[in-house]
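In what follows, a structure is listed as structure tokens, so that the remarks can point back to it.
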Amino acid sequence: MRGYIVKAMLLKYWYITKNRLDRIFDVFYWPLMSLMIWGFTTYYLRDFTGNFIINILVGGTVLWVFFHRAQQDITSYTLEDFWSRNLYNLFSSPMRWSEFVVSIVIFGLLRAVITFFFLAVLSFILFAFNIFGAGIFAIALFASALMMFGWIIGLFVAALIFRYGMRIQVFAWSFAWLIQPFSAVFYPLASMPIWIQRISIVFPTTHIFEGLRYAFQHNTILWNHVAYAFGINAILIVVACWIFKKSLDTAKKKGLLTRRE
Amino acid sequence: MRYAVEVSNLKKSYGKFQALKGISFKIRKGEIFGLLGPNGAGKSTAINILADLLTKDSGRIRILGKEPRDVKEKMNVATAYSWMNGILKVHENLRIFARLYNIPNAEERIDYLIDLFGLTELRNKKAYTLSSGEATRLNICKGLINKPDVLLLDECTVGLDPEVAAKTRRIIKNLQKKESTTILFTSHIMHEVEQLCNRIAFLSHGKILKIGTTKSIKKLIDRQIVRIEFIPGRKPIEKILKKLDVDILYLKKNKVSIGVRQKKFKLHEMLHPILKAGIRIKDLHVRKPTLDDVFIKIAGEKAE
């Protein structure tokens with residue numbers, strides 16, 4: 001791993017971000033819209049359910065957006081190189097695949113952290129919701145596990161893009177939403193039908209959001225949820241890196257990196 | 001180490017299509033070597049494998065004595081068919097690659113190349129706003145950013161206007177002279193290859209048909225090419241030409257290209273029977289054979 005290559009790639013992602021309004025909107029505009037919709041919904045619902053609904057919906061939104069950002073940045077910045085037909089120059093340079101992954105993950109992390117604090121401050125101002133009410137350590141743990149899963153999904157979708165090209169770019173934006181209904185983001189696992197629970201229990205996101213709700217209610221961390229989330233993430237991140245490398249090898253074998261369209 | 005690039009029995013297929021059928025060549029240090037051939041001959045496939053962008057099926061490649069992936073810092077590639085990142089400005093694109101290649105005095109190098117290729121006024125423009133010729137120049141700048149020991153140039157002058165293309169060729173030639181850069185140059189523009197390359201390989205349908213210096217290859221045709229345009233009439237031009245000891249290379253309506261053995265060549269003897277038959281000549285050119293003629297000849301022989 002060579003620091004100067006990672007730095008060069010980070011500089012590239014910074015240039016893309018500052019030159020492209022969409023990439024700035026990703027960090028501020030869309031997260032703000034999500035927060036406003038769910039935040040205002042809590043205004044209505046708390047008359048029936050009490051203040052705890054704020055913790056569930058706004059807390060869920062802040063952390064879900066954080067996860068979504070971590071996932072989407074890997075795929076959208078990968079797509080930037082496809083759109084600009086720049087893969088030829090990039091992969092003929094001394095950059096290794098691992099340096100590509102590490103730099104995109106670091107940049108995604110920075111953006112996700114900015115989004116997280118932006119929403120944390122706004123949710124406090126607009127809805128008097130303190131995300132750290134569950135405990136700073138607990139939030140740091142849940143956020144780290146979510147971020148890891150975001151990288152896993154991001155790498156998996158990026159692998160698909162390298163393997164099948166831009167025709168499947170829609171997954172860059174949609175894949176996280178495929179997982180959301182099963183992740184118990186805004187409702188407890190127990191409220192779902194049994195057959196969905198059996199699927200949901202597999203996802204680390206389910207354990208994180210279950211743990212988050214419990215932490216808000218009892219100010220205690222359920223370590224079994226945390227252990228499962230980190231354990232499965234540790235396995236999946238190795239698998240995601242392996243799939244990404246294999247996809248890149250296939251792309252090199254089939255000549256996809258040199259395509260002119 | 002005498003050779004900067006060694007390629008031995010290189011093969012590559014895409015499904016059932018064999019793009020390279022076992023090509024071999026060696027490029028000496030400081031040499032400009034041309035891979036010449038029509039579209040689809042396998043030139044870009046060869047370059048892409050050398051640039052480590054495409055996996056070979058079999059064969060052996062050594063660049064500066066190593067596998068291509070282990071020597072990327074010392075080589076570079078420029079092609080007219082790839083783009084730099086369009087959303088980035090000209091100088092931003094070059095800065096990224098300067099850092100990827102970890103070159104010292106990056107800004108100085110960027111300024112030098114931007115100036116050399118006449119991009120000074122465009123340095124703050126986003127790359128997507130460049131014309132195709134300007135984008136090609138930017139690609140060549142990127143190819144030279146790390147002062148490569150081995151430079152792969154794939155049809156890099158496509159889209160350049162004649163003046164800039166000529167300047168680019170001069171720069172390439174200077175690189176060879178001043179920095180002893182080894183250059184693999186692919187093109188289907190024969191005169192460009194003839195002007196630049198020390199040695200060339202003719203590639204057709206994934207096979208190398210001939211390798212040699214431009215002089216030695218041109219000697220494969222010991223003919224002068226005579227191109228005649230007649231004033232249209234009813235005289236049987238083809239019949240008369242066939243009686244002469246010449247190769248008819250091209251004949252259509254009132255235009256003909258003839259290959260004549262150089263030693264025997266006497267223009268007046270050739271023209272005499274034509275004029276005697278009352279055929280009137282509108283225009284006449286005599287020229288030496290070009291690489292195009294050689295390529296057509298070699299490709300034709302191999303096809304037979």
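Reckoned from all heavy atoms, side chains included, excluding hydrogens, waters and symmetry mates. Letters A, B, ... are given to chains in the order of the sequence lines, protein chains preceding strands, and every chain is numbered from 1.
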Out of [options], which one racks up the most heavy-atom pairs below 4.5 Å with chain A?
options	result
Lys56(B), Met84(B), Glu92(B)	Glu92(B)
Lys89(B), Met75(B), Lys142(B)	Lys142(B)
Asn93(B), Asp70(B), Leu100(B), Leu54(B)	Leu100(B)

Going from [atom1] on [X] to [atom2] on [Y], what distance comes out if it is rounded to the nearest 0.5 angstrom?
X	Y	atom1	atom2	answer
Ile87(B)	Trp83(A)	CD1	CH2	10.0 Å
Leu152(B)	Ser92(A)	CG	OG	9.0 Å
Ser93(A)	Asp52(B)	OG	CG	10.5 Å

> Under 4.5 Å between any side-chain heavy atoms of Ile96(B) and Leu11(A), yes or no?
Replying inline: yes
> Considering only heavy atoms from C-beta outward, does the side chain of Arg95(B) approach that of Lys12(A) to under 4.5 Å?
Replying inline: no
>> If I measure from the heavy atoms of chain A, does Ile47(B) come under 4.5 Å with its side chain, its backbone, both, or neither?
In response: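 It is the side chain, since no backbone atom gets that close.
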>> Need one label for Phe97(B): side chain, backbone, both or neither, based on atoms under 4.5 Å from any heavy atom in chain A.
In response: side chain
>> Please check: side-chain N/O of Asn89(A) versus main-chain N/O of Trp83(B), any donor-acceptor pairing under 3.5 Å?
In response: yes
> Checking Lys254(A) side chain against Tyr14(B) main chain: does a donor-acceptor pair fall under 3.5 Å?
Replying inline: no
> Checking heavy atoms, do the side chain of Leu90(A), its backbone, both or neither come under 4.5 Å from chain B?
Replying inline: both
>> What part of Arg96(A) gets within 4.5 angstrom of chain B, counting heavy atoms only: side chain, backbone, both, or neither?
In response: neither
>> If I compare all heavy atoms of Pro94(A) with all of Lys72(B), which pair ends up nearest, and what's the gap?
In response: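 Minimum heavy-atom separation between Pro94(A) and Lys72(B): CA-CB, 3.9 Å.
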> Tyr88(A) pairs by side chain to side chain donor-acceptor pair (under 3.5 Å) with which of Asn48(B), Thr79(B), Asn139(B)?
Replying inline: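 By the side chain to side chain donor-acceptor pair (under 3.5 Å) criterion, Tyr88(A) pairs with just one of Asn48(B), Thr79(B), Asn139(B): Asn48(B).
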> Do you know which of Leu256(A), Ile5(A), Leu257(A), Asn86(A) has the most heavy-atom pairs with chain B at a distance under 4.5 angstrom?
Replying inline: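 Of the options given, most contacts go to Asn86(A).
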> How far apart are the C-alpha atoms of Lys126(B) and Asn19(A), what are their side-chain angles, what is the distance that settles it, and do they pass the side-chain contact (heavy atoms from CB on, under 4.5 Å) test?
Replying inline: CA-CA 9 Å; Lys126(B) 287 186 178 167; Asn19(A) 289 346; 3.9 Å; yes
